[in-house]
2 protein chains.
Amino acid sequence: MSLPHAILTALLEKPSSGLELTRRFDRSIGFFWSATHQQIYRELGRLEQAGLIRALPQAADGRGPRKAYEVLPAGREALVAWVGEQQEPKQIRDALLLRLRAAAVVGTGGLGAELRRHLELHRSQLAEYREIEARDFAPERVGEENRLHHLVLSGGIQLESFWTTWLEDAVRTVAELDAVDNAVDNGVDKEV
Amino acid sequence: MSLPHAILTALLEKPSSGLELTRRFDRSIGFFWSATHQQIYRELGRLEQAGLIRALPQAADGRGPRKAYEVLPAGREALVAWVGEQQEPKQIRDALLLRLRAAAVVGTGGLGAELRRHLELHRSQLAEYREIEARDFAPERVGEENRLHHLVLSGGIQLESFWTTWLEDAVRTVAELDAVDNAVDNGVDKEV
DNA sequence: GGCGACATGTAACTAGTTACATGATTGA
DNA sequence: TCAATCATGTAACTAGTTACATGTCGCC
């Protein structure tokens with residue numbers, strides 16, 4: 001039940017068409033709640049049906065190519081109610097950790113390369129977040145809304161920092177294990 | 001496509017019945033790939049159908065209450081192939097971050113309490129991981145398999161550490177914002 | 001011998017993903 | 001003017017969740 005509320009939040013920040021929402025879900029909002037355009041269009045239809053949003057009249061019948069939506073009072077109320085809801089933190093479900101566990105049983109295979117690839121991806125994501133922080137959250141710009149946005153971004157930064165640190169460790173560990181295996185294969189383990 | 005491989009890994013570590021697997025997915029393996037018993041039974045059926053596992057004969061027709069499964073050679077091969085696969089890291093999708101973003105638009109509501117609740121949950125998860133680490137990964141016990149298991153656990157520990165640190169910050173920030181709001185409501189903002 | 005729990009499932013639903021379809025617009 | 005791309009969507013599939021059903025076992 002999070003996607004509709006992500007969309008309501010986005011539309012409150014700025015009324016948008018399906019495409020504009022899709023773009024915004026590729027950055028900013030999408031950094032912590034990703035969605036494809038198919039999901040977004042489907043959900044926009046449902047939200048309109050439920051009377052929580054409406055297509056902006058001027059854009060709709062002005063036969064412009066895109067129709068923009070805005071949040072109705074009922075939509076805002078629904079969002080307020082949702083912010084106050086309790087929800088259990090969802091458990092970790094990470095395929096990479098699972099692969100490491102499997103590797104402990106059947107061998108590391110090509111896992112080292114995959115770990116290095118992920119490390120690069122997380123490094124570049126971290127760099128992107130840091131750029132945004134430098135650009136949008138200079139020390140002088142601290143409003144109430146801004147502080148919450150910064151808090152969210154800082155969560156992303158710390159999370160990516162965690163991944164890069166941990167992946168560096170993982171890459172090192174797997175490389176060492178592979179080296180030991182190779183040594184054994186070549187019969188030089190006695191010299192170690 | 002991860003659940004079947006999680007199950008294959010678990011069964012390679014130790015052949016088990018559906019119930020035993022369910023139990024193991026509540027601890028150890030479940031720490032990074034959770035699954036309900038319904039998912040597990042469904043998936044066991046599929047894996048048996050596909051010829052990757054089989055019910056252990058002695059338990060199966062010995063009319064014991066539970067039937068245990070073991071991995072067939074084809075199953076092990078499938079797992080080896082999967083360990084070598086590439087997979088994009090999945091993006092962050094966290095409802096709590098989303099709520100903070102929504103709170104920036106419609107107000108924090110009861111979010112402070114929810115943040116404190118999550119903080120407690122993550123603290124206790126972190127404590128549990130640390131106990132496991134102290135018990136199972138004493139410095140003297142470092143085998144090859146063990147190092148990978150420790151790596152995975154250490155990922156969990158660092159991740160929970162991140163959440164507790166970040167949530168402490170979030171709780172503080174939201175409390176401050178709420179305090180400012182109350183001050184404004186009471187008309188004492190001019191004195192601040 | 002009936003009752004509660006344990007164990008194993010089935011069914012229905014929801015969210016998310018992948019693949020494809022269609023009309024408008026735009027630039028070669 | 002025709003292909004490419006943009007914008008909006010539909011359809012089918014997959015994974016995960018929630019609710020319910022059935023059989024068996026031990027015990028009171």
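Proteins come first, then strands; the chains are lettered A, B, ... in the order of their sequence lines, and each starts at number 1.
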> From the options D:dA7, C:dT8, D:dT18, select the nucleotide whose nearest atom is closest to the side chain of B:Gln38.
D:dT18

> Taking the side chain of A:Arg42 as its heavy atoms from C-beta onward, which of C:dT17, C:dA7, C:dG9 lies nearest to it?
C:dT17

> Quick check on side chain to side chain donor-acceptor pair (under 3.5 Å): which of A:His122, A:Arg130, A:Gln125 does A:Glu160 satisfy it with?
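Among A:His122, A:Arg130, A:Gln125, the one that satisfies the side chain to side chain donor-acceptor pair (under 3.5 Å) with A:Glu160 is A:His122.
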
> Starting at atom NZ of A:Lys90, determine the distance to atom C1' of D:dA15, rounded to an integer number of angstrom.
15 Å

> Find the distance B:Tyr41:OH to D:dG23:P and express it as a whole number of Å.
16 Å

> Are the side chain of B:Arg101 and the backbone of A:Ala6 linked by a donor-acceptor contact shorter than 3.5 Å?
no

> Between A:Glu128 and A:Ser124, is any side-chain donor less than 3.5 angstrom from a side-chain acceptor?
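A:Ser124 and A:Glu128 do not have a side-chain donor-acceptor pair below 3.5 Å.
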
> Measure the distance from CE on B:Met1 to P on C:dT18 and round it to the nearest whole Å.
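Nearest whole value for this atom pair: 13 Å.
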
> On DNA chain C, check which nucleotide each of B:Arg93 and B:His37 is closest to and give me the residue with the more 5' one.
B:His37

> In whole angstroms, how far is the P atom of D:dT8 from the CZ atom of A:Phe25?
15 Å

> Using the closest heavy atom to pick a nucleotide of DNA chain C for each, name whichever of A:Glu43 or B:Tyr69 lands nearer the 5' end.
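Between the two, 5'-proximity favours B:Tyr69.
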
> Is B:Glu114 paired with B:Arg117 through a side-chain N to carboxylate O contact shorter than 4.0 Å?
yes

> Report the distance from atom CD1 of A:Ile40 to atom P of C:dA15, rounded to the nearest whole Å.
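Taking CD1 of A:Ile40 and P of C:dA15, I get 15 Å after rounding.
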
